[in-house]
Number of protein chains: 2
Amino acid sequence: MRKIVPFHQPAPARDDHAPQLADLFRLLGDASRLRIVITCLGTPVTVGDIADQLSLSPSLVSHHLRLLRAARVVRATRQGRHVFYVAADEHIRRVIGDMLEHVAEPHDEEDA
Amino acid sequence: MRKIVPFHQPAPARDDHAPQLADLFRLLGDASRLRIVITCLGTPVTVGDIADQLSLSPSLVSHHLRLLRAARVVRATRQGRHVFYVAADEHIRRVIGDMLEHVAEPHDEEDA
DNA sequence: CAAACATATGAATAGATGTTCATATGATCA
DNA sequence: TGATCATATGAACATCTATTCATATGTTTG
């Protein structure tokens, strides 16, 4: 059942995805976790590989991956004793790419 | 001076924007703050308007806006006793849009 | 000028979160 | 089967952060 809300409300009040979206953004809001996601943007990688590449403990990487998996940011595939992780879809890549462009954006002087 | 790093390193290690990016994502990682940003995506809005629309205290809105302004997510313009805020650039809109598409993405069953 | 309005700032605090360490589960190989 | 490797999980803790309340700054109008 969808909550009924007065028609002429601003987007965030009408159909409020804000909490959901915020949860996702928060996941990308930690440097270690973001690096893990970025590492998963290419071909599937192993927990151990991620840990090595980023100089993080396998335990920490695993903890982060659990959250990322739960939020469907990454997908896991078991193969023998290894588990490979990949970014779930292209949108994740775009989100990060767009934010990179935002960072690159030249910043004007402060406003009046 | 740019840190010298072995050439063939994965992207996140070579030229590491991760902390910068993570800081930005973290800002969008709170529902109230994200709603504020979304409210600023259209025409410039007043602190008071934002507070009313989102049922948040002006104080809280102001606190959030300070962070968003510092990170250049929004821009401020004073006009009389009002201060208008707008999203800083189109990238912000895209980041949010892409994340929305990610949420909309149909999710397969779990992997093997 | 004083009063009213709009926004900003600072301190205080309750709750969330990243990381570590120890340990468990699951899988391969001898 | 026992040993070893790869990943996962749970508890504990120090740190961070969103929110509130009180108060300050800045702006207009009477």
Side-chain angles (χ1 to χ4, degrees), chain A residues 12 16 18-40 44-71 73-86 110-112, chain B residues 12 16 18-40 44-71 73-86 110-112:
Chain A
D16 201 357
Q20 235 189 97
L21 285 181
D23 284 345
L24 282 165
F25 282 127
R26 186 177 323 123
L27 282 177
L28 303 183
D30 171 78
S32 302
R33 208 156 43 212
L34 179 59
R35 284 195 190 96
I36 292 175
V37 174
I38 294 176
T39 307
C40 292
V45 265
T46 282
V47 177
D49 287 348
I50 299 174
D52 288 347
Q53 285 190 35
L54 304 180
S55 305
L56 300 174
S57 78
S59 173
L60 179 56
V61 173
S62 188
H63 273 297
H64 282 316
L65 283 172
R66 187 164 61 86
L67 297 175
L68 293 169
R69 201 178 345 126
V73 174
V74 300
R75 275 180 303 121
T77 317
R78 188 137 218 159
Q79 249 173 63
R81 31 187 170 187
H82 299 263
V83 177
F84 290 83
Y85 284 88
V86 206
E110 326 207 338
D111 229 296
Chain B
D16 201 358
Q20 231 188 89
L21 286 181
D23 284 345
L24 283 165
F25 282 126
R26 186 174 323 121
L27 281 177
L28 304 183
D30 172 79
S32 301
R33 206 156 44 214
L34 179 58
R35 284 195 191 96
I36 292 176
V37 174
I38 293 176
T39 307
C40 292
V45 264
T46 283
V47 178
D49 287 348
I50 299 175
D52 288 348
Q53 285 189 34
L54 305 181
S55 304
L56 300 174
S57 78
S59 172
L60 179 56
V61 173
S62 188
H63 274 296
H64 283 316
L65 283 172
R66 188 165 60 85
L67 297 176
L68 293 169
R69 202 182 340 128
V73 174
V74 300
R75 273 179 305 122
T77 316
R78 181 132 225 163
Q79 249 175 63
R81 33 185 168 185
H82 298 264
V83 178
F84 289 82
Y85 284 89
V86 206
E110 323 207 340
D111 229 294

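Just so it is clear: chains get the letters A, B, ... in the order the sequence lines come, proteins before strands, and each one is counted from 1.
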Holding to side-chain contact (heavy atoms from CB on, under 4.5 Å), I want the full list of residues that pass it with A:R81, two or more places apart in sequence or in another chain. none
Pairwise N/O distances under 3.5 Å, protein to nucleotides 20-29 of chain D:
residue: D:dT20; atom: O4; partner: B:H63; partner atom: NE2; Å: 3.4
residue: D:dC21; atom: N4; partner: B:S59; partner atom: OG; Å: 2.8

Give the minimum heavy-atom separation between B:P44 and B:V86, together with the two atoms involved. CG-CG2, 3.3 Å
Kindly write out the residues that satisfy side-chain contact (heavy atoms from CB on, under 4.5 Å) with B:P19, not counting sequence neighbours, or none if the list is empty. A:R35, B:D16
Smallest separation among heavy atoms of B:S57 and B:A51, with atom names: C-CB, 4.3 Å
Please give, in whole Å, the distance from D:dT15 P to B:R26 CZ? 16 Å
Measure the distance from CG on B:L68 to C1' on C:dT7 and round it to the nearest whole Å. 15 Å
B:L56: side-chain contact (heavy atoms from CB on, under 4.5 Å) partners, not counting sequence neighbours: B:S32, B:I36, B:L54, B:L60, B:V61
How long is the straight-line distance from CG of A:L68 back to CG of A:L34, given to the nearest 0.5 Å? 9.5 Å
B:H82 NE2 - C:dA8 C1' separation (whole Å): 15 Å
Short side-chain N/O contact to D:dT19 OP1/OP2 from B:H64, under 4.0 Å: yes
Starting at CG of A:D49 and ending at P of D:dA6, how long is that distance when rounded to a whole Å? 10 Å
Between C:dA8, D:dA8, D:dA6, which one does the side chain of A:V83 approach most closely? D:dA8
Whole angstrom is fine here: how far is it from CD1 in A:I36 over to C1' in D:dA8? 14 Å
Who passes salt bridge (Lys or Arg N to Asp or Glu O under 4.0 Å) against B:D30, sequence neighbours left out? none
In whole Å, what is the span from the CG atom of B:D52 to the C1' atom of C:dA6? 12 Å
Using a heavy-atom cut-off of under 4.0 Å over every strand shown, decide if B:Y85 touches base, sugar-phosphate, or nothing. sugar-phosphate
So if I take residues 27-34 of chain A and measure heavy-atom distances to DNA chain C, which residues fall below 4.0 Å? A:D30, A:S32, A:R33
Would you mind reading off the distance between B:L65 atom CG and C:dT7 atom P, rounded to a whole angstrom? 10 Å
Separation of C:dA11 atom P from B:R66 atom CZ, nearest Å, is 11 Å
The criterion is side-chain contact (heavy atoms from CB on, under 4.5 Å); which residues satisfy it with B:R69, sequence neighbours excluded? B:R66, B:V74, B:A76, B:Y85
Salt bridge (charged side-chain N to carboxylate O under 4.0 Å, His left out) contacts in which one or both residues fall within residues 18-28 of chain B, not counting sequence neighbours: B:D23-B:R26
